[in-house]
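Structure, as structure tokens:
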Amino acid sequence: MLMKRLLAVLVFLLFLGYVSALTPQEAMMEAWKTGNYSLVEPYLSGDMRKAFTEKTFSTIREGMVKEYGPVKGYELEKTEEKGGYQIYYYRVIAEKGNYTVSVTVKDGKVEGFHFAPKFNPEKALYPLLGGLLGLLLLWAYLRKFHAGELILGAVLILPVLVVQPPLQMLPGYAGISNAVLAVLWSGLIAGLVQEPLKYYFSRDKTLGRAVYIGAGFGLGEAIYVATISALFGGSLLGLFERTLALLFHASTTALFAYSYRNGWGGKALLAMVLVHWLTDSIAAYWHVNPSTAVLVAGYAVMLLTALAILPKLLPLARTESEEPEVRW
């Protein structure tokens, strides 16, 4: 019995010596290789500890193992210094292929862990197919196609990409690290930027043309997501997500056109800002606490919104007479 205890203590001491001998970047890579979060936890900075929880670590790692296979090893490719931060780039050697990650270190603490972009056009396929599927579903019912409005909607994604991200990062710039506040702020900004923009361009259109402005916006978003997926990876789930997102955007612009002509456009805009706030807050929360339940909740809000609006307004859009071509 005594020998077993002495052996256990010896193993524990050896483990402590092994951990203390690791540099922060090596601890991160050993944790990634083995799946043992406790190896890197003591080396994480305060902000990193909040953002990169054990659950987040495990979820991301499981996704990469599913795609690339178990990690066999890693090797340092290069190091660089930026603004007082040391960045270490490692080549991860996995069973099905290799990929590159970076570990950012400052003052002996891990401040970041990222995947280095690697363009893979195959990963862009699912979001693109999702956007096209949503568009096809709308066309199959309406049997009308408005290219001008579709292009207009797709172009509207450009100012969103310029304005929205900097506004969403304002809490970080102000030194506010509260995760709940960051999640709610991110969702609110998405609603306040996107919905008024869609409202302005769709409010005085026929329902059919308004639907295609929303569809174009959803398609533009799908193209953006496809680009991100090609760089950082994607999955079959992206097809379902982009189909839902396109139908969601099409339902909101249809509602804007219908409510504006009936004198309650402002109320519809407020309602959709709140719904969008909820949807994007759930999406932002998933990045903090990834889980199937959170993902399903976000998809459910988009699906229920589309089902509440499109079955009522698409039949009207199908039978109404059309206005002249799009005026930008």
Side-chain angles (χ1 to χ4, degrees), residues 28 31-32 37-38 40-64 85 103-107 109-115 157 160-198 221 224-225 228 232-235 237-238 240-242 244-245 248-249 252 269-306 308:
M28 181 69 247
W32 187 255
Y37 180 79
S38 64
V40 71
E41 189 174 16
Y43 295 93
L44 298 177
S45 68
D47 290 340
M48 188 66 173
R49 209 179 278 245
K50 294 176 183 177
F52 199 60
T53 64
E54 184 172 4
K55 188 172 185 179
T56 302
F57 167 84
S58 299
T59 301
I60 296 173
R61 187 177 181 279
E62 285 169 10
M64 294 302 288
Y85 293 87
V103 184
T104 304
V105 177
K106 185 177 183 181
D107 299 330
K109 294 293 183 180
V110 175
E111 295 283 356
F113 179 70
H114 302 93
F115 296 93
I157 198 68
V160 169
L161 294 177
V162 172
V163 174
Q164 183 173 304
L167 291 177
Q168 289 176 319
M169 290 187 287
L170 282 178
Y173 296 148
I176 301 172
S177 59
N178 185 285
V180 174
L181 177 62
V183 164
L184 293 175
W185 176 261
S186 179
L188 178 61
I189 291 300
L192 289 175
V193 171
Q194 295 183 32
E195 297 308 322
L197 187 65
K198 292 190 295 179
E221 200 173 62
Y224 169 72
V225 172
I228 298 299
F232 298 101
S235 67
L237 199 59
F240 179 67
E241 178 182 296
R242 287 304 104 198
L244 276 183
F248 172 83
H249 288 302
T252 62
L269 174 59
L270 176 60
M272 288 302 100
V273 167
L274 293 176
V275 170
H276 202 132
W277 182 8
L278 175 61
T279 304
D280 272 50
S281 292
I282 293 173
Y285 181 68
W286 183 86
H287 288 285
V288 176
N289 185 26
S291 71
T292 302
V294 174
L295 203 62
V296 170
Y299 292 166
V301 175
M302 289 193 289
L303 178 61
L304 291 174
T305 302

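As the structure is a prediction and not an experimental result, all values here were calculated from the model.
- Within 6.0 Å of CZ on Phe115 lie more than 12 heavy atoms contributed by other residues, nucleotides or ligands.
- Atom CZ of Arg49 and atom OH of Tyr43 lie 12.0 Å apart (nearest 0.5 Å).
- A pairwise comparison of heavy atoms in Met28 and Phe57 identifies CE-CE1, 4.0 Å as the closest pair.
- Within the 4.5 Å cutoff, side-chain heavy atoms of His249 are placed close to those of Glu221.
- Looking at Val273 and Leu269, their side chains come closer than 4.5 Å, going by heavy atoms from C-beta outward.
- Glu111 and Thr104 share no side-chain donor-acceptor pair at under 3.5 Å.
- The structure places CE of Met169 at 11.5 Å from CD1 of Ile189, a figure rounded to the nearest 0.5 Å.
- Under the 4.5 Å side-chain criterion, counting only non-hydrogen atoms from C-beta, Trp185 is not in contact with Asn178.
- Phe52 and Phe113 have tilted rings, their planes meeting at an angle from 30° to 60° on a 0 to 90° scale.
- Residues in residues 274-286 take part in no salt bridge (charged side-chain N to carboxylate O under 4.0 Å, His left out) pair, two or more places apart or across chains.
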Quick one, Leu44 with Tyr37, criterion side chain to side chain contact (heavy atoms under 4.5 Å, CB included). Give me CA distance, side-chain angles, the key distance, then yes/no. CA-CA 11 Å; Leu44 298 177; Tyr37 180 79; 3.3 Å; yes

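- Applying the salt bridge (charged side-chain N to carboxylate O under 4.0 Å, His left out) test to every pair with at least one member in residues 160-181, sequence neighbours left out, gives no pairs at all.
- One finds the NZ atom of Lys55 at 12.5 Å from the CD1 atom of Ile60 (value rounded to the nearest 0.5 Å).
- If you take CG on Leu170 and OG on Ser186, they are separated by 11.0 Å, rounding to the nearest 0.5 Å.
- Residues meeting the side chain to side chain donor-acceptor pair (under 3.5 Å) test with Trp277, sequence neighbours left out: Ser281.
- For Thr305, there are no side chain to side chain donor-acceptor pair (under 3.5 Å) partners, not counting sequence neighbours.
- Val294 and Ile282 make their closest contact through O-CG2, 3.3 Å (heavy atoms, listed as atom of the first residue, atom of the second, distance).
- The shortest side-chain heavy-atom distance between Leu184 and Val180 falls under the 4.5 Å cut-off.
- Scored by the side chain to side chain donor-acceptor pair (under 3.5 Å) test, Tyr299 finds Glu241 as partners (sequence neighbours excluded).
- We find the CG-CG distance between Leu197 and Leu192 to be 12.5 Å, quoted to the nearest 0.5 Å.
- For the pair Val275 and Met272, the minimum side-chain heavy-atom distance is below 4.5 Å.
- Between Phe248 and His276, the two ring planes are perpendicular [angle over 60°; tilted spans 30° to 60°].
- Of the inter-residue distances, the one linking Thr252 atom OG1 with Met302 atom CE reads 12.0 Å to the nearest 0.5 angstrom.
- By the side chain to side chain donor-acceptor pair (under 3.5 Å) test, Thr56 pairs with Thr53, sequence neighbours left out.
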